[in-house]
Structure formats: structure tokens, C-alpha cells
Amino acid sequence: MLQKFGRDYATKSLVPGKRVYGERIIRKGKEEWRVWDPTSSKLGAALVKGLKNFPIKKGMKILYLGASTGTTVSHISDIVEHDGIIYAVEFSSRSMRDLIPLAKQRKNIAPILDDARLPENYAALIEKADLVYCDVAQPDQSEIIMRNAKVFLKPQGWMMIAIKARSINVAKNPKQIYSEERQKLSKMFNILEQIDLQPLEKDHAFFVGKMK
Ligand SMILES: C[S@@+](CC[C@H](N)C(=O)[O-])C[C@H]1O[C@@H](n2cnc3c(N)ncnc32)[C@H](O)[C@@H]1O
């Protein structure tokens with residue numbers, strides 16, 4: 001469950017008593033709400049910056065590319081609850097060392113140690129997803145999400161991507177990069193929303209769309 005508390009958002013913890021990344025906790029009776037730090041999560045930043053299209057709901061199946069140690073994944077895990085699942089792909093074994101204990105606490109996270117450029121490697125492990133989320137900070141981030149969406153996304157499924165301009169070209173104007181990436185993504189998705197995450201996340205834009 002997701003709720004607004006002042007400027008910030010918080011998710012109702014699926015595992016009360018456990019912090020994931022040192023986040024602030026708000027207690028309401030027996031409930032614990034984990035405050036979503038918008039400087040540690042691009043999805044948290046997009047919410048604070050007024051994101052209107054937020055499709056993530058209880059029971060959703062999500063393919064998450066670039067899970068890292070699970071900061072954003074943990075909030076999505078609170079929202080989809082036990083009826084949903086997050087297939088969390090990450091290729092760094094260092095990050096996996098933190099992601100695996102998180103998945104032991106939260107049964108709706110399925111960690112996958114693999115390269116998101118090679119979806120055929122994990123195709124047998126994953127069912128069709130309602131949403132593909134991508135935060136890999138790579139020059140080919142748009143191609144990576146499209147390759148995965150082609151294999152795993154349900155018809156009319158959702159996509160969310162954080163575009164890091166500096167991973168694509170440090171010299172180019174970020175706005176020019178966002179427009180080029182939007183054009184690429186538009187071949188497969190109807191882009192419904194684009195948010196500049198400045199100043200919470202420098203040189204990042206966030207896109208939400210639906211499979212055409
Ligand atoms: C910006 S961090 C992700 C932060 C995370 N999404 C969050 O909000 O908690 C990018 C992550 O993508 C991972 N990554 C980059 N390229 C990848 C690839 N080809 N396959 C899988 N993971 C990748 C990196 O190892 C890194 O952990």
C-alpha cells in the first residue's frame with residue numbers, strides 16, 4: 001500500500017521491524033510505514049515530482065531490471081504484497097549478496113543473477129509480466145527494456161524506465177538525449193508521461209508507457 005505523508009510517500013511494510021536501507025519509519029498503531037527516500041530511488045523521486053501514472057498495484061507481476069541491493073524493489077514489494085511478484089534481475093554479484101537476504105525476508109522477490117541484455121538466459125524462470133521496470137544506467141538502456149518487453153510483457157502491459165543521460169553521453173545536453181531515447185521507446189510503447197527528476201536525481205528522466 002502506498003500513501004502520501006507530507007511531501008514524501010511511504011509504503012506499508014510487508015515485514016514490520018525490518019529496515020532495508022536506513023529509511024525513516026512512521027508508526028500508525030500496529031502498522032509500520034517505510035518512507036520512500038526520493039534521493040535513493042528514481043521511482044520515489046518521480047512520485048515526489050508529481051508522477052500521475054502509477055500503475056503498480058497489489059497482485060502485479062513485475063520484471064525489474066537493475067535491482068541493485070533492492071532499495072526500490074523493497075517498496076514495490078510492499079505494494080504488490082504477497083499476491084504479486086517481482087523478478088529482480090541484477091548482474092553484480094556484490095549487489096546480489098544484499099538482494100538475496102532481502103528476498104528471504106520478502107517472499108514476493110525472486111532474485112535473478114544475470115545480464116538483462118540476455119533475456120533468453122532467464123526466460124524459463126519468468127512468467128509474463130504486467131510491468132517491466134528498467135534502471136540499469138547503461139548506454140543501451142532503452143534497447144534493454146525493449147528486448148525484455150518483447151519476451152515478457154503482456155499485451156497492453158506497462159513500462160517504466162529511468163534514463164540516465166550521463167550513461168549515454170556525458171557531453172550532450174540531457175534534454176536532447178531524453179528526446180532521442182523517447183523516439184526509440186516510442187517504436188514499441190505509447191509514452192504517457194515523462195518527468196525530469198532534477199534536482200532529486202541529477203540528469204535523469206523518468207518515462208511511463210504502455211505496450212502498443
Ligand atoms: C542505478 S543502479 C539501480 C538502482 C536500483 N534500481 C534502485 O532504485 O534501488 C543500476 C543497477 O543496474 C545494474 N546493471 C547494469 N547493467 C546491467 C545489466 N546489463 N544486467 C543486469 N543488471 C545491470 C548495476 O549493477 C546496478 O546495480
Side-chain angles (χ1 to χ4, degrees), residues 1-14 19-24 26 33-81 84-90 95 98-99 102-103 106 108-111 116 129-138 141-142 144-145 148-149 153 157-165 167 178 181-182 185 189 191-210:
M1 231 191 283
L2 177 74
Q3 229 180 71
K4 202 166 194 277
F5 288 88
R7 179 200 77 157
D8 291 327
Y9 283 79
T11 54
K12 188 172 143 200
S13 182
L14 209 56
R19 277 190 171 81
V20 177
Y21 60 100
E23 67 278 21
R24 193 159 60 87
I26 297 171
W33 289 77
R34 303 171 48 240
V35 178
W36 202 331
D37 180 356
T39 61
S40 302
S41 163
K42 279 134 228 163
L43 184 51
L47 281 167
V48 168
K49 291 223 59 187
L51 183 74
K52 290 185 192 72
N53 292 276
F54 188 85
I56 303 173
K57 288 187 182 67
K58 184 174 186 293
M60 256 190 163
K61 295 180 179 23
I62 295 179
L63 172 59
Y64 191 112
L65 310 169
S68 187
T69 53
T71 299
T72 302
V73 167
S74 70
H75 286 289
I76 296 178
S77 152
D78 286 341
I79 299 170
V80 301
E81 300 184 34
I85 185 153
I86 305 146
Y87 296 101
V89 180
E90 173 54 57
S95 298
D98 290 333
L99 194 60
L102 186 70
R106 294 170 170 267
N108 61 8
I109 300 174
D130 301 298
L131 184 147
V132 180
Y133 186 102
C134 183
D135 181 18
V136 288
Q138 293 283 2
Q141 45 205 304
S142 297
I144 288 176
I145 195 172
N148 280 271
L153 194 57
W158 291 87
M159 70 80 117
M160 290 179 141
I161 185 167
I163 296 286
K164 183 175 181 181
S167 297
Y178 303 152
E181 296 306 305
R182 186 179 176 127
L185 292 164
F189 306 106
I191 304 296
L192 304 175
E193 202 169 351
Q194 175 178 343
I195 294 195
D196 193 323
L197 299 183
Q198 206 94 277
L200 295 164
E201 301 276 354
K202 197 169 179 290
D203 297 335
H204 276 83
F206 198 85
F207 292 83
V208 183
K210 279 195 109 173

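As the structure is a prediction and not an experimental result, all values here were calculated from the model. Nothing fancy with the numbering, it's 1 onward along the sequence.
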Heavy atoms of Y21 and R34 approach each other most closely as CE2-NH2, 3.8 Å

Please find the pair of heavy atoms, one from A88 and one from V73, that lie closest to each other, and give the distance. CB-CG2, 4.5 Å

How are the rings of Y178 and F207 set to each other: parallel, tilted or perpendicular (split at 30° and 60°)? perpendicular

Do any N or O atoms from the side chain of N148 and from the backbone of A116 form a donor-acceptor pair under 3.5 angstrom? yes

Smallest heavy-atom separation, S142 atom then E181 atom, equals OG-OE1, 2.6 Å

Distance-only donor-acceptor pairs under 3.5 Å for side chains of residues 2-12, two or more places apart:
| residue | atom | partner | partner atom | Å |
| --- | --- | --- | --- | --- |
| Q3 | OE1 | K28 | NZ | 3.2 |
| K4 | NZ | G6 | O | 3.3 |
| T11 | OG1 | H75 | ND1 | 2.8 |
| T11 | OG1 | D78 | OD2 | 2.6 |

Is W33 close to M1 at the side-chain level, that is, under 4.5 Å between some pair of heavy atoms? yes

For the student: nearest non-hydrogen atoms of L200 and P38, plus distance: CB-O, 3.9 Å

If the condition is side chain to side chain contact (heavy atoms under 4.5 Å, CB included), which residues does K164 pass it with, not counting sequence neighbours? A137, Q141, S167, H204

CD1 of I145 to OH of Y133, rounded to nearest 0.5 Å, is 9.5 Å

Does E23 reach the main-chain N or O of V35 with its side chain, forming a donor-acceptor pair under 3.5 Å? no

OG1 of T72 to CH2 of W36, rounded to nearest 0.5 Å, is 6.5 Å

Which value, rounded to the nearest 0.5 Å, describes the distance between I109 atom CD1 and S74 atom OG? 7.0 Å

Hey, what do you get for CG (L99) to OG1 (T71), rounding to the nearest 0.5 Å? 10.0 Å

In Å, rounded to the nearest 0.5 Å, how long is the span from CD1 of I163 to CG of D203? 13.0 Å

Side chain of N108, backbone of G84: donor and acceptor closer than 3.5 Å? no

Heavy atoms of F206 and M160 approach each other most closely as CZ-CB, 3.9 Å

Taking every non-hydrogen atom, the tightest pair across L65 and V132: CD1-CG1, 3.9 Å

Verify the neighbour count for atom CZ of R24: are there more than 12 heavy atoms of other residues, nucleotides or ligands below 6.0 Å? no

Can you check side chain to side chain contact (heavy atoms under 4.5 Å, CB included) on L153 and W158, steps first, answer last? CA-CA 8 Å; L153 194 57; W158 291 87; 5.7 Å; no

Give every donor-acceptor pair under 3.5 Å between a side-chain atom in residues 43-59 and any protein atom, sequence neighbours left out.
| residue | atom | partner | partner atom | Å |
| --- | --- | --- | --- | --- |
| K49 | NZ | D196 | O | 2.9 |
| K49 | NZ | Q198 | O | 2.5 |
| N53 | ND2 | E193 | OE1 | 2.6 |
| K58 | NZ | D83 | OD2 | 2.7 |

Working to the nearest 0.5 angstrom, can you tell me the gap between D130 CG and I62 CD1? 7.5 Å

